[in-house]
Asks: 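My questions all concern the structure below.
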Amino acid sequence: MASFVEDLWASIFTAGPTPTLLLATNVSFAALQAVLFMLLVGTRSYHFVFLSVISGALWYMINWFAQEVKQAQTQAAAQETQAEKTSEATQKETKARGAAEAADSDTETEGLAGRKYVPVTSAEPRSVTASTTLQVPGSESEVRKRLSVSGDNSGYTSTDSEWEKVEDNTDKE
């Protein structure tokens, strides 16, 4: 029993539905259905029938969702292994091609010289405007303070003039 509780606690922090968590969920819903049935028999109230139907529907939906998550995880794992196989094959092919080029070449850059560079062109030519330059329009000689990204808005910056103030204070003493 202690190992089940430990497994249940660990399964809470594990992604996806674990067998221990599903077992605990199913046992809990079965106990709820039993309690609702006993209350129905004891009180003969139709409310417990509706609660039992709602509880049964929720129980079914949880198990259905857990099954769907397992299927999605299985598909993801299969796609991941397929991608790994494809990348391994590509790496082997690249290494083989690189070894063949290296055998014919004295330098590493000769293989790159044979590749063609195709520049990306757009249909419309771009014009250089004030917005594409680094200067702020209208204030060519003005120095602007850069905004703080760290959230420190005190505006305090250290300058050489502060060191001059310190030197002046030590001279007075």
Side-chain angles (χ1 to χ4, degrees), residues 1-105 107-112 114-123 126 131-132 134 144-158:
M1 180 69 173
S3 68
F4 176 77
V5 174
E6 290 174 6
D7 290 343
L8 181 61
W9 183 256
S11 70
I12 291 172
F13 301 107
T14 305
T18 60
T20 307
L21 189 60
L22 288 176
L23 177 65
T25 302
N26 288 327
V27 168
S28 298
F29 272 103
L32 178 62
Q33 287 292 339
V35 167
L36 289 173
F37 179 73
M38 287 190 289
L39 288 170
L40 174 66
V41 170
T43 62
R44 297 186 191 269
S45 174
Y46 63 90
H47 293 94
F48 296 109
V49 173
F50 293 124
L51 288 173
S52 180
V53 169
I54 292 169
S55 172
L58 181 61
W59 188 4
Y60 172 78
M61 285 187 276
I62 287 173
N63 284 322
W64 171 81
F65 184 74
Q67 183 181 14
E68 291 293 319
V69 168
K70 280 184 184 179
Q71 288 177 356
Q73 287 176 342
T74 305
Q75 288 176 353
Q79 289 176 351
E80 185 176 311
T81 55
Q82 181 66 24
E84 287 176 3
K85 288 179 182 177
T86 305
S87 67
E88 287 176 5
T90 305
Q91 287 176 355
K92 287 179 183 178
E93 182 179 311
T94 304
K95 286 181 182 178
R97 195 177 324 132
E101 288 177 2
D104 297 339
S105 172
T107 63
E108 296 174 356
T109 57
E110 288 179 358
L112 297 175
R115 295 183 186 173
K116 292 184 179 179
Y117 173 72
V118 179
V120 178
T121 59
S122 62
R126 296 177 62 182
S131 63
T132 60
L134 296 176
R144 293 181 51 186
K145 183 178 177 182
R146 180 183 295 176
L147 297 176
S148 173
V149 270
S150 64
D152 184 16
N153 293 330
S154 66
Y156 178 77
T157 56
S158 176

Asks: Using side chain to side chain contact (heavy atoms under 4.5 Å, CB included) as the criterion, list what pairs up with Thr90, not counting sequence neighbours.
Replies: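 Once residues adjacent in sequence are excluded, the partners of Thr90 under the side chain to side chain contact (heavy atoms under 4.5 Å, CB included) criterion are Thr86, Thr94.
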Asks: Name all residues meeting the side chain to side chain contact (heavy atoms under 4.5 Å, CB included) criterion together with Ser87; count only those two or more places apart in sequence or in a different chain, and write none if there are none.
Replies: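 Applying side chain to side chain contact (heavy atoms under 4.5 Å, CB included) to Ser87 gives none.
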Asks: Name each donor-acceptor pair under 3.5 Å that joins a side chain in residues 63-71 to protein atoms two or more places apart or in another chain, with its distance.
Replies:
residue, atom, partner, partner atom, Å
Asn63, ND2, Asn26, OD1, 3.0
Asn63, ND2, Trp59, O, 3.4

Asks: Please output the side-chain donor-acceptor pairs of residues 75-83 that fall under 3.5 Å, not counting sequence neighbours, one pair per line with the distance.
Replies:
residue, atom, partner, partner atom, Å
Thr81, OG1, Ala77, O, 3.3
Thr81, OG1, Ala78, O, 2.8

Asks: Show me, pair by pair, the donor-acceptor contacts under 3.5 angstrom made by side chains of residues 33-40, not counting sequence neighbours?
Replies:
residue, atom, partner, partner atom, Å
Gln33, OE1, Ser52, OG, 2.5
Gln33, NE2, Ser52, O, 3.0
Gln33, NE2, Ser55, OG, 3.2

Asks: Output a table of donor-acceptor pairs, distance under 3.5 Å, between side-chain atoms of residues 9-16 and any protein atom two or more places apart or on a different chain; print 'none' if there are none.
Replies:
residue, atom, partner, partner atom, Å
Ser11, OG, Asp7, O, 3.4
Ser11, OG, Leu8, O, 2.8
Thr14, OG1, Ala10, O, 2.9

Asks: Are more than 12 heavy atoms, taken from residues, nucleotides or ligands other than Phe50, located less than 6.0 Å from that residue's CZ atom?
Replies: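 Atom CZ in Phe50 is not crowded, with 12 or fewer foreign heavy atoms closer than 6.0 Å.
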